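Structure first, commentary second.
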Amino acid sequence: MFVRNTMPMHRHPLDPADRSMLGRDASAAVARYLDFRGNGVGTPLRMLGGLARELGLGALAVKDEGGRLGLGSFKALGGGFAVAQLVLEAAEEQLGRRLGYADLAAADVRSLASTMTFACATDGNHGKSVAEGAAAVGASAVIFVHAHVSDARVAAIARHGARIVRVDGSYDESVREAARVAAREGWTIVSDTSWPGYERIPLLVMQGYTAMAREALAALDEPPTHVFVQVGVGGVAAAVAACLAETLGEQRPVFVAVDPARAACMAVSAAAGHPVAVAPGEPTVMAMLDCFEPSPVAFRVLSRVADAFMTVEDEDAVAAMNRLARPAPGDTAITAGESGAAGIAGVMVAATDAELRQALRLDGKSRVLAFVTEGATDPDRFRALTGLDP
Ligand SMILES: Cc1ncc(COP(=O)(O)O)c(C=O)c1O
């Protein structure tokens, strides 16, 4: 499925609230948080010249998020940043003084944080980020996981001291259950998806993701001409696209949002011109992208700053994982999980399809940027799909 963005808001300015939380200043605040967390240098940007040549592209830059904050995925940026920000805001109100990220280590701020509980629903990676972020500031976390989250992923979350609650049903059902229980218990929900009346915290999570765009631009000699980002509920695609558009203005790249064909909530919404839920079907191998309702905030942002929406099949993601793990001559090998490889799968599909190449104006001069959003966060899956040890 390929959908060109013909929505009326395409390339219109962002809403002021979205702009203030996803623009250049917002990403600078995240960089200060990452400095405090000891991740000031960020993640590596790999130039895959061999794969670019194979695909008939000028250059292919891949930001490898597998090592982010030791959590295995870019999601480490979002939940943890939102928790830190919410603790600081509560502490500023209670203590009556302005605070910076370094104050998260102060005894009175940690004492206040120890009274706060943060909750969320997760496919795996977001929950790990909230759990780790809460532990880092001395707060508690309760993480809701749906029926298809593997035991390995649950164990990786529990390792950060969070309480785990299993929910029957899909990701979207776990989101609703987490919201219901948190309202009853007085916990703060730190969701990576938004819903009507609940936008600020998901925007804080998305603000955390803008670090990827900021770091990528800083590492590149020239801005990219094309950017491909995979979509679960759309938060990361919207954050990266918004930050690039706000930072680069008219020089912004062609932005392509990449959905799994089996959970194409954003592509289907783009075709409809408004957010729609798709019917859950056979689970996609891209387990972290198995979402059936787009985040309304992400849709609002992407309707303005995405230029196209496309889908990739499960076998495309597996082919991308294998291409990254067994690279073209001269390229560095990258360990990508199934969802982590989905953006590159989008690049590989688009670059090798004559119609898509033309529609996206991809050619031998294109400088493409994509994100490996996770490493082998489920090592057994990685072994099964690549025949390699992570
Ligand atoms: C590795 C990975 N990539 C991409 C995504 C998609 O992010 P979003 O749900 O913000 O679209 C996720 C979401 O959990 C993820 O874990």
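Read the numbers this way: they start at 1 and go in the same order the structure lists the ligands and their atoms. These numbers come from a predicted model, not from an experiment.
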Please check if any side-chain donor atom of Ser194 sits under 3.5 Å from a side-chain acceptor atom of Glu199, or the reverse. no
Item to check | Cluster overlap Leu51 with Val318, hydrophobic side-chain contacts below 4.5 Å | outcome: yes
Here the ring-ring contact (aromatic ring centres under 6.0 Å, His included) pairs for residues 81-126, sequence neighbours left out, are Tyr33-Phe81, Tyr33-Tyr101
Hits for side-chain hydrogen bond (donor to acceptor under 3.5 Å, both in side chains) against Arg159, two or more places apart or cross-chain, chain-then-number order -> none
Applied to residues 71-82, the side-chain hydrogen bond (donor to acceptor under 3.5 Å, both in side chains) test, sequence neighbours excluded, yields Lys75-Asp192, Lys75-Tyr209
Between ligand 1 and the protein, find all N/O pairs closer than 3.5 Å and give the distance for each.
unit_1: ligand 1; atom_1: 3 (N); unit_2: Thr373; atom_2: OG1; d: 2.7
unit_1: ligand 1; atom_1: 9 (O); unit_2: Val233; atom_2: N; d: 2.9
unit_1: ligand 1; atom_1: 10 (O); unit_2: Gly235; atom_2: N; d: 3.0
unit_1: ligand 1; atom_1: 10 (O); unit_2: Val236; atom_2: N; d: 3.0
unit_1: ligand 1; atom_1: 11 (O); unit_2: Gly232; atom_2: N; d: 2.7
unit_1: ligand 1; atom_1: 11 (O); unit_2: Val233; atom_2: N; d: 3.2
unit_1: ligand 1; atom_1: 11 (O); unit_2: Gly234; atom_2: N; d: 2.8
unit_1: ligand 1; atom_1: 11 (O); unit_2: Gly235; atom_2: N; d: 3.4
unit_1: ligand 1; atom_1: 16 (O); unit_2: Asn125; atom_2: ND2; d: 2.8

dist Glu185:CD -> Thr117:OG1 (nearest 0.5 Å) comes out at 9.0 Å
